[in-house]
Protein chains: 2
Amino acid sequence: MKRTVLYYGIALALLLGFLKYIEYRYMVRDLSIEFYLGIVALFFSGLGVWAGLRWANKHASAAPKDTAKSIVFLSPTPDLEATLAKLGISKREHEVLCLIAEGHSNQEIADQLFLSLNTVKSHSSNLFSKLDVKRRTQAIQRAKDLGLLSSSAGTFG
Amino acid sequence: MKRTVLYYGIALALLLGFLKYIEYRYMVRDLSIEFYLGIVALFFSGLGVWAGLRWANKHASAAPKDTAKSIVFLSPTPDLEATLAKLGISKREHEVLCLIAEGHSNQEIADQLFLSLNTVKSHSSNLFSKLDVKRRTQAIQRAKDLGLLSSSAGTFG
DNA sequence: GAAAACCTCACCCGAAAGTATGAATCACTC
DNA sequence: GAGTGATTCATACTTTCGGGTGAGGTTTTC
């Protein structure tokens with residue numbers, strides 16, 4: 001959390017430095033303060049959106065499907081958590097598992113969860129060993145059999 | 001969308017006015033530009049976070065509809081061959097598709113069907129373009145939705 | 001406040017998957 | 001016999017996956 005604040009500080013400092021550089025470089029003395037404020041507003045709006053999305057993802061945890069909550073009647077998911085616990089699969093790993101089952105690439109998962117590609121690879125790798133499979137396609141099959149995919153558990157092929 | 005931009009503009013204008021008012025009210029002449037920038041950064045960070053969260057919510061509520069669609073009915077697979085014909089998927093390609101859905105690697109499929117690895121790759125590649133997907137995991141999803149895995153693939157792992 | 005999970009990310013390396021192009025064989029049709 | 005489409009296979013290349021290792025950072029728990 002404090003790291004986020006730090007990043008914001010650094011970003012602001014960098015932006016300030018950049019603006020000063022522009023001023024020096026092109027000898028522009030009369031850049032209006034409104035211009036500065038506009039730039040900063042734009043920049044920090046983007047930063048804010050990014051932080052907001054990231055925060056939303058962290059707290060809403062999109063993957064494990066709150067969607068399941070909206071279709072509860074079909075899959076009561078009685079012992080999903082029990083199964084997960086039995087296999088030692090963490091929350092984050094389950095999220096990754098769901099996204100894998102939806103056919104996303106590791107890079108896409110990384111983008112969606114605001115993670116590094118390496119992190120996703122770590123999660124999936126741990127996941128595979130816990131599911132005792134070798135490939136992600138097998139992981140999908142296994143997950144379906146175990147009923148670990150709340151949302152697609154309904155895809156009762 | 002443009003309304004959002006408008007709001008941002010208004011917000012910036014209001015903030016500017018507020019700052020000018022402060023300046024006038026308390027006769028503070030030497031408020032550094034960094035101070036202004038800090039205020040603006042803070043303000044628009046918050047605004048950005050808000051917009052980001054709002055955006056996230058909008059898209060989170062949109063997503064479930066897709067998943068719901070896959071649950072809707074247990075499609076009786078009226079005519080598998082008709083679907084295959086419509087998509088231009090040949091018999092051999094369908095075989096490969098089923099094996100892919102079972103989580104086999106290309107090499108395993110090649111061994112099982114007494115084919116070369118290259119051949120399996122050709123089939124799967126053609127398959128992906130016909131299914132309009134990029135990866136085999138997506139192909140599995142698509143195939144399930146289209147009911148192409150009714151017979152053999154099943155859910156046995 | 002220390003320990004134990006969990007989460008995050010990096011680097012390297014090899015294997016698997018996927019793309020693109022071309023070509024040979026076979027069956028079936030006009 | 002030519003044409004068409006399916007099947008088979010090759011080579012070469014790029015991208016993605018997955019394993020292994022290590023190293024902070026955070027959260028939870030005792």
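Chain letters run A, B, ... following the sequence lines, proteins first and then strands; every chain starts at 1.
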Gap separating the CG atom of B:Asp132 from the CZ atom of B:Arg142, nearest 0.5 angstrom: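 Output value for this atom pair is 6.0 Å.
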Rounded distance (nearest 0.5 Å) linking atom CD1 of B:Ile109 with atom SG of B:Cys98: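 The distance works out to 10.0 Å.
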Starting at [atom1] of [X] and ending at [atom2] of [N], how long is that distance when rounded to a whole Å?
{"X": "A:Asn118", "N": "D:dG20", "atom1": "CG", "atom2": "C1'", "value": "13 Å"}
{"X": "B:Gln138", "N": "D:dT16", "atom1": "CD", "atom2": "C1'", "value": "13 Å"}
{"X": "A:Leu117", "N": "C:dA10", "atom1": "CG", "atom2": "P", "value": "9 Å"}
{"X": "A:Ile100", "N": "D:dC17", "atom1": "CD1", "atom2": "C1'", "value": "10 Å"}
{"X": "B:Glu93", "N": "D:dT8", "atom1": "CD", "atom2": "P", "value": "10 Å"}
{"X": "A:His94", "N": "C:dA5", "atom1": "NE2", "atom2": "P", "value": "22 Å"}
{"X": "B:Leu127", "N": "D:dT7", "atom1": "CG", "atom2": "C1'", "value": "14 Å"}
{"X": "A:Asn126", "N": "C:dC6", "atom1": "CG", "atom2": "P", "value": "10 Å"}

Sugar-phosphate, base or nothing in reach of B:Ser105, heavy atoms under 4.0 Å: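 Here B:Ser105 touches the backbone only, sparing every base.
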Sugar-phosphate only, base, or nothing, as touched by B:Leu115 at under 4.0 Å among non-hydrogen atoms: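 Sugar-phosphate only.
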Side chain to side chain donor-acceptor pair (under 3.5 Å) between B:Asp111 and B:Gln107, worked out: CA-CA 6 Å; B:Asp111 294 342; B:Gln107 185 59 63; 3.2 Å; yes
Enumerate donor-acceptor pairs with a distance under 3.5 Å from any side-chain N or O in residues 85-92 of chain B to protein atoms, sequence neighbours excluded.
unit_1: B:Ser90; atom_1: OG; unit_2: B:Glu93; atom_2: N; d: 3.4
unit_1: B:Ser90; atom_1: OG; unit_2: B:Glu93; atom_2: OE1; d: 3.3
unit_1: B:Arg92; atom_1: NH1; unit_2: B:Glu95; atom_2: OE2; d: 3.0

Toward the 5' end of DNA chain D, by each residue's nearest nucleotide, A:Arg136 or B:Phe114: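 Its nearest nucleotide being more 5', the pick is B:Phe114.
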Closer than 4.0 Å, any side-chain N/O of [X] to the OP1 or OP2 of [N]?
{"X": "B:Ser116", "N": "D:dA10", "result": "yes"}
{"X": "A:His123", "N": "C:dT8", "result": "yes"}
{"X": "A:Thr119", "N": "C:dC9", "result": "yes"}

Exercise: identify the closest heavy-atom pair between A:Leu131 and A:Ala139: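 Shortest heavy-atom separation between A:Leu131 and A:Ala139 comes out as CD1-CB, 4.0 Å.
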Closest approach to the side chain of [X], judged atom by atom: which nucleotide of [options] is it?
{"X": "B:Asn106", "options": "C:dC11, C:dA17, C:dC6", "value": "C:dA17"}
{"X": "B:Ser125", "options": "C:dC7, D:dT8, C:dT19", "value": "C:dT19"}
{"X": "A:Lys121", "options": "C:dT19, D:dT8, D:dG19", "value": "D:dG19"}
{"X": "A:Arg135", "options": "C:dG18, C:dA16, C:dC7", "value": "C:dA16"}
{"X": "A:Phe128", "options": "C:dA17, C:dC9, D:dG19", "value": "D:dG19"}
{"X": "B:Arg92", "options": "C:dT8, D:dG19, D:dT8", "value": "D:dT8"}
{"X": "B:Ser90", "options": "D:dC9, D:dT7, C:dC6", "value": "D:dT7"}

Side chain A:Ser124 and base D:dC17 donor-acceptor under 3.5 Å: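 Not at all, since no donor on one side and acceptor on the other fall under 3.5 Å apart.
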Note: A:Lys134-B:Glu108 ion pair, threshold 4.0 Å (strictly below):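 The answer is no: the pair does not qualify as a salt bridge.
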